[in-house]
Amino acid sequence: MTKYIKNGKKLGVLGGLGPAASAEFLRQLAAKCPASVDQEHPVVYMIADCEIPDRGTAICGLGPSPLPKLKEDLLKLCDMGADVLAVPCNTAHYFIDQFIDELPVPLVHIIESTVLATKAIAPNGAWMLSTKGTRACGLYQACADKHGLKLFIPNEEQSDKSQQVINFVKANKLVEAGALMRQLVEELWREHDVPVMTACTELPLGYDASGLPQERSVSSIGALVDATVKQLYDEVEE
């Protein structure tokens with residue numbers, strides 16, 4: 001019989017990108033950890049820095065770079081004692097990848113985690129819903145190519161709808177987010193009937209509010225949580 005025990009590693013989470021997404025990450029982390037009492041959960045240090053400049057805007061050349069603040073906050077988490085890092089924001093990884101080798105502890109990479117989780121359930125490929133910045137920087141496309149996952153990319157009008165879902169979630173308008181997400185995904189499924197990969201951490205919340213079947217989507221939040229839990233617990237045979 002396999003049992004999972006906490007290995008003592010402390011988790012550092014850089015959140016606030018946006019707030020609802022990082023709150024959902026922590027909720028799922030608590031739900032998915034193999035713990036039955038408080039003491040079996042991992043120690044978590046968190047910085048919820050909502051003042052980091054918008055990542056997608058910066059990629060498109062329309063705003064200041066978030067890189068200095070991302071780096072400062074992640075190093076601060078390391079100084080606080082974090083042994084493992086996680087950032088529940090996909091677009092931020094475009095900037096994090098530029099200094100990831102300078103981090104003194106490992107970072108659980110949301111893009112790699114999401115692509116691997118998607119490949120496991122989508123042998124015929126998946127739709128990639130994301131911010132325009134994530135789509136433009138090509139990180140998901142490159143990672144999917146590396147792992148042999150076919151991605152279907154929405155057109156410009158569909159991408160605008162995806163971005164609007166994100167904006168609705170950030171504004172705490174979940175009813176509107178869910179309605180638009182359902183409209184968008186049903187349109188995509190009429191083109192290619194494959195699962196949806198929500199490659200922005202606001203989009204799983206929009207998908208949850210849509211009433212669409214959970215088994216037809218892969219959440220980047222859920223994938224990051226699953227990969228993070230594996231870093232914080234060890235398997236032992238009883």
Side-chain angles (χ1 to χ4, degrees), residues 15-32 50 54-56 86-93 110-111 113-136 139-141 144 149-228:
L17 313 169
S22 49
E24 178 63 12
F25 172 84
L26 292 178
R27 186 195 71 79
Q28 290 194 28
L29 182 70
K32 291 182 175 182
C50 305
D54 185 78
R55 285 66 60 197
V87 183
C89 173
N90 289 272
T91 314
H93 285 66
I110 194 170
I111 295 173
S113 302
T114 305
V115 165
L116 290 173
T118 303
K119 186 181 179 186
I121 73 158
N124 297 319
W127 283 103
M128 184 185 87
L129 294 183
S130 68
T131 64
K132 288 195 167 186
T134 294
R135 186 182 71 164
L139 286 180
Y140 261 101
Q141 295 91 318
L149 172 67
K150 180 176 177 59
L151 291 182
F152 295 91
I153 309 297
N155 61 34
E156 283 298 326
E157 182 180 348
Q158 293 162 342
S159 183
D160 287 341
K161 290 179 182 178
S162 177
Q163 185 65 55
Q164 186 57 52
V165 172
I166 294 164
N167 296 342
F168 278 144
V169 173
K170 287 182 179 292
N172 199 31
K173 296 180 177 180
L174 290 178
V175 172
E176 293 90 337
L180 184 56
M181 175 66 93
R182 172 177 279 274
Q183 179 191 112
L184 170 58
V185 171
E186 288 179 343
E187 177 184 337
L188 296 175
W189 283 344
R190 286 193 290 270
E191 295 182 34
H192 297 286
D193 190 15
V194 295
V196 172
M197 182 179 71
T198 49
C200 167
T201 49
E202 273 73 42
L203 289 174
L205 297 171
Y207 193 94
D208 288 348
S210 73
L212 293 166
Q214 288 295 321
E215 67 272 13
R216 300 298 313 282
S217 77
V218 179
S219 162
S220 56
I221 295 178
L224 179 63
V225 170
D226 291 341
T228 301

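Just so it is clear, the structure is predicted and the values come from calculations on it, not from any experiment.
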Within 6.0 angstrom of Glu157 CD, more than 12 heavy atoms from elsewhere |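 Incorrect, the count does not exceed 12.
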Counting only heavy atoms not in Lys173, do more than 12 sit closer than 6.0 Å to its NZ atom?
->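 Not buried by this count: 12 neighbours or fewer within 6.0 Å.
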Do you know the tightest heavy-atom contact between [X] and [Y]?
{"X": "Ala21", "Y": "Glu202", "result": "CB-OE2, 3.6 Å"}
{"X": "Ser22", "Y": "Gly16", "result": "OG-N, 3.2 Å"}
{"X": "Trp189", "Y": "Val194", "result": "NE1-O, 2.8 Å"}
{"X": "Ser130", "Y": "Ala199", "result": "CB-O, 3.7 Å"}
{"X": "Gly56", "Y": "Thr91", "result": "N-CG2, 3.8 Å"}

Of the options Val87, Ile110, Thr201, which is the one that meets Leu224 in a side chain to side chain contact (heavy atoms under 4.5 Å, CB included)?
->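 Single side chain to side chain contact (heavy atoms under 4.5 Å, CB included) partner of Leu224 among Val87, Ile110, Thr201: Ile110.
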Under the 3.5 angstrom rule, does the side chain of Ser217 hit a backbone N or O of Ser219 as a donor-acceptor pair?
->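 The answer is no, because no donor-acceptor pair under 3.5 Å joins these two groups.
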Residues Glu187 and Arg190 bridged, charged N to O under 4.0 Å |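 Answer for the salt bridge query: no.
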Donor-acceptor side-chain pairing of Ser220 and Thr198 below 3.5 angstrom =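 No, because no side-chain N or O of Ser220 sits under 3.5 Å from a partner of the opposite role on Thr198.
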Do Lys150 and His192 pass the side chain to side chain contact (heavy atoms under 4.5 Å, CB included) test, and can you show the C-alpha distance, the side-chain angles, and the key distance before you say yes or no?
-> CA-CA 12 Å; Lys150 180 176 177 59; His192 297 286; over 6 Å; no
For residues 164-172, please give each side-chain donor-acceptor pair under 3.5 Å, one per line with the distance, not counting sequence neighbours.
from, atom 1, to, atom 2, distance (Å)
Asn167, OD1, Gln163, NE2, 3.4
Asn167, ND2, Gln163, O, 3.4

Review item, side-chain donor-acceptor pairs of residues 116-126, under 3.5 Å, at least two apart:
from, atom 1, to, atom 2, distance (Å)
Thr118, OG1, Thr114, O, 2.7
Lys119, NZ, His147, O, 2.7

How far does [atom1] of [X] sit from [atom2] of [Y], to the nearest 0.5 angstrom?
{"X": "Arg182", "Y": "Leu212", "atom1": "CZ", "atom2": "CG", "answer": "4.5 Å"}
{"X": "Asp193", "Y": "Leu188", "atom1": "CG", "atom2": "CG", "answer": "11.0 Å"}
{"X": "Cys89", "Y": "Phe25", "atom1": "SG", "atom2": "CZ", "answer": "12.5 Å"}
{"X": "Leu184", "Y": "Gln158", "atom1": "CG", "atom2": "CD", "answer": "6.5 Å"}
{"X": "Asp208", "Y": "Ser210", "atom1": "CG", "atom2": "OG", "answer": "7.5 Å"}

Side chain to side chain contact (heavy atoms under 4.5 Å, CB included) between Leu129 and Tyr207, intermediate numbers included | CA-CA 11 Å; Leu129 294 183; Tyr207 193 94; over 6 Å; no
Taking side chain as C-beta onward, heavy atoms only, is Glu191 less than 4.5 Å from Phe152?
->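 Contact flag for Glu191/Phe152 side chains = no.
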Partner residues of Glu156 under the salt bridge (Lys or Arg N to Asp or Glu O under 4.0 Å) criterion, sequence neighbours left out |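 Glu156: salt bridge (Lys or Arg N to Asp or Glu O under 4.0 Å) contacts with Lys132, Arg135.
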Report the C-alpha distance between Arg55 and Thr131 in whole Å, list the side-chain angles of each, state the deciding distance to 0.1 Å, and finish with yes or no for side chain to side chain contact (heavy atoms under 4.5 Å, CB included).
-> CA-CA 9 Å; Arg55 285 66 60 197; Thr131 64; over 6 Å; no
Assess whether side chain to side chain contact (heavy atoms under 4.5 Å, CB included) is satisfied between Leu139 and Asn90, documenting all intermediate values.
-> CA-CA 9 Å; Leu139 286 180; Asn90 289 272; over 6 Å; no
